[in-house]
Amino acid sequence: MTKVIADVGDDGVSAPGADEAALRQVVSEAHADGIDLKIVVIDTNPHIETPLRDIATEVGHAYPGSTVLAMSPSYAGTYSPVFDRVTLEAGQDLAKTGDPVQSSKNFVGQLTTPDFPWTALTIVLVLGVAGATAATRWLQIRGKRAAAAEIGTTESDQR
């Protein structure tokens with residue numbers, strides 16, 4: 001871990017055997033988007049992906065404020081004090097391509113994609129349902145009044 005943390009400190013990348021120049025470009029592009037990205041590539045898969053999250057967390061603690069992506073050929077692990085876990089895991093899922101450069105680009109792409117405004121949609125839907133309920137009740141009352149008036153008119157016509 002000491003060597004990985006030192007490698008990441010040099011240029012944001014620790015990826016022996018991978019295309020480090022392309023990965024440094026991804027780190028540079030992420031930095032331009034306001035993301036302090038660190039990338040760690042491991043050439044073999046662990047038995048499960050949890051160790052990759054542990055590696056990402058250690059690197060993240062060594063470089064506070066950084067978002068870290070740790071990858072192996074089939075797995076990915078992430079850490080960030082900036083992005084929420086849901087966003088990280090969505091990016092992590094996209095970072096399992098087997099190609100570290102493409103995986104890194106996919107990860108950054110997910111981080112920079114705006115979230116769908118679920119809160120605004122929920123508010124609009126609730127207001128729409130409330131409005132439809134009020135309109136239905138108003139039409140119901142109006143219909144009863146019209147029916148009552150018609151019955152009253154019909155009874156007076158028969159007298």
Side-chain angles (χ1 to χ4, degrees), residues 1-140:
M1 274 310 300
T2 305
K3 181 171 178 5
V4 169
I5 290 171
D7 283 351
V8 167
D10 293 338
D11 55 11
V13 176
S14 174
D19 186 355
E20 289 193 46
L23 291 171
R24 281 191 294 275
Q25 180 63 33
V26 173
V27 168
S28 176
E29 291 168 6
H31 187 70
D33 288 330
I35 301 169
D36 182 12
L37 181 66
K38 309 293 185 208
I39 298 174
V40 177
V41 179
I42 299 164
D43 58 356
T44 59
N45 284 321
H47 296 295
I48 57 175
E49 76 182 40
T50 305
L52 293 172
R53 185 185 285 183
D54 294 341
I55 290 168
T57 301
E58 279 195 49
V59 171
H61 286 229
Y63 299 97
S66 295
T67 297
V68 183
L69 172 62
M71 297 176 285
S72 69
S74 301
Y75 298 119
T78 57
Y79 169 83
S80 180
V82 179
F83 295 96
D84 59 63
R85 177 58 39 201
V86 172
T87 303
L88 288 175
E89 288 184 6
Q92 185 175 306
D93 289 343
L94 297 174
K96 296 177 183 177
T97 67
D99 174 10
V101 176
Q102 186 60 51
S103 293
S104 300
K105 289 178 180 180
N106 292 352
F107 179 71
V108 172
Q110 180 63 38
L111 296 182
T112 57
T113 300
D115 291 330
F116 186 80
W118 290 106
T119 303
L121 176 66
T122 302
I123 290 169
V124 167
L125 288 175
V126 167
L127 291 174
V129 169
T133 302
T136 301
R137 182 65 182 147
W138 179 77
L139 289 171
Q140 185 182 36

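Reckoned from all heavy atoms, side chains included, excluding hydrogens, waters and symmetry mates. Keep in mind it's a predicted model, so treat the numbers as computed, not measured. FYI, the numbering just counts along the sequence from 1.
- V101 and V26 make their closest contact through O-CG2, 4.3 Å (heavy atoms, listed as atom of the first residue, atom of the second, distance).
- From S72, atom OG reaches atom CG of N45 across 3.5 Å, with rounding to the nearest 0.5 Å.
- If you take CG on L88 and CG on D93, they are separated by 11.0 Å, rounding to the nearest 0.5 Å.
- Judged by distance alone, the side chain of D33 and the main-chain N or O of I35 form no donor-acceptor pair under 3.5 Å.
- A distance of 8.0 Å separates CE in M71 from OG1 in T97, rounded to the nearest 0.5 Å.
- Scanning both residues, L52 and G77, for their nearest heavy atoms gives CB-N, 3.7 Å.
- With V129 as reference, T133 is the one residue of L127, V126, T133 to meet the side chain to side chain contact (heavy atoms under 4.5 Å, CB included) rule.
- Legend: residues meeting side chain to side chain donor-acceptor pair (under 3.5 Å) with D11, ordered by chain and number and at least two apart, are R24.
- For the pair T57 (side chain) and Y79 (backbone), a donor-acceptor distance under 3.5 Å is absent.
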Which side-chain N or O atoms in residues 61-68 pair as donor and acceptor under 3.5 Å with protein atoms at least two apart or in another chain?
residue, atom, partner, partner atom, Å
Y63, OH, I5, O, 2.6
Y63, OH, G9, N, 3.1
S66, OG, D36, OD2, 2.9
S66, OG, Y63, O, 2.9
T67, OG1, S80, OG, 2.8

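- Legend: ring pair (Phe, Tyr, Trp, His ring centres under 6.0 Å) pairs involving residues 93-129, not counting sequence neighbours, sorted by first then second residue: F116-W118.
- Closest approach of A76 and A95 over heavy atoms only: CB-O, 4.0 Å.
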Give the C-alpha distance, both sets of side-chain angles, the deciding distance and a yes or no for side chain to side chain donor-acceptor pair (under 3.5 Å) between T78 and Q92. CA-CA 7 Å; T78 57; Q92 185 175 306; 2.9 Å; yes

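- Between I42 and I55 the shortest side-chain heavy-atom distance falls below 4.5 Å.
- In this structure, L94 CG and K105 NZ are separated by 14.5 Å, a value rounded to the nearest 0.5 Å.
- How far CZ of R53 is from CD1 of I48: 11.0 Å, rounded to the nearest 0.5 Å.
- Atom-to-atom distance recorded for K96:NZ and E49:CD is 4.0 Å, nearest 0.5 angstrom.
- Looking only at side-chain heavy atoms (C-beta outward), D43 and P16 stay at 4.5 Å or farther from each other.
- No donor-acceptor contact under 3.5 angstrom links the side chains of Q110 and N106, judged on distance only.
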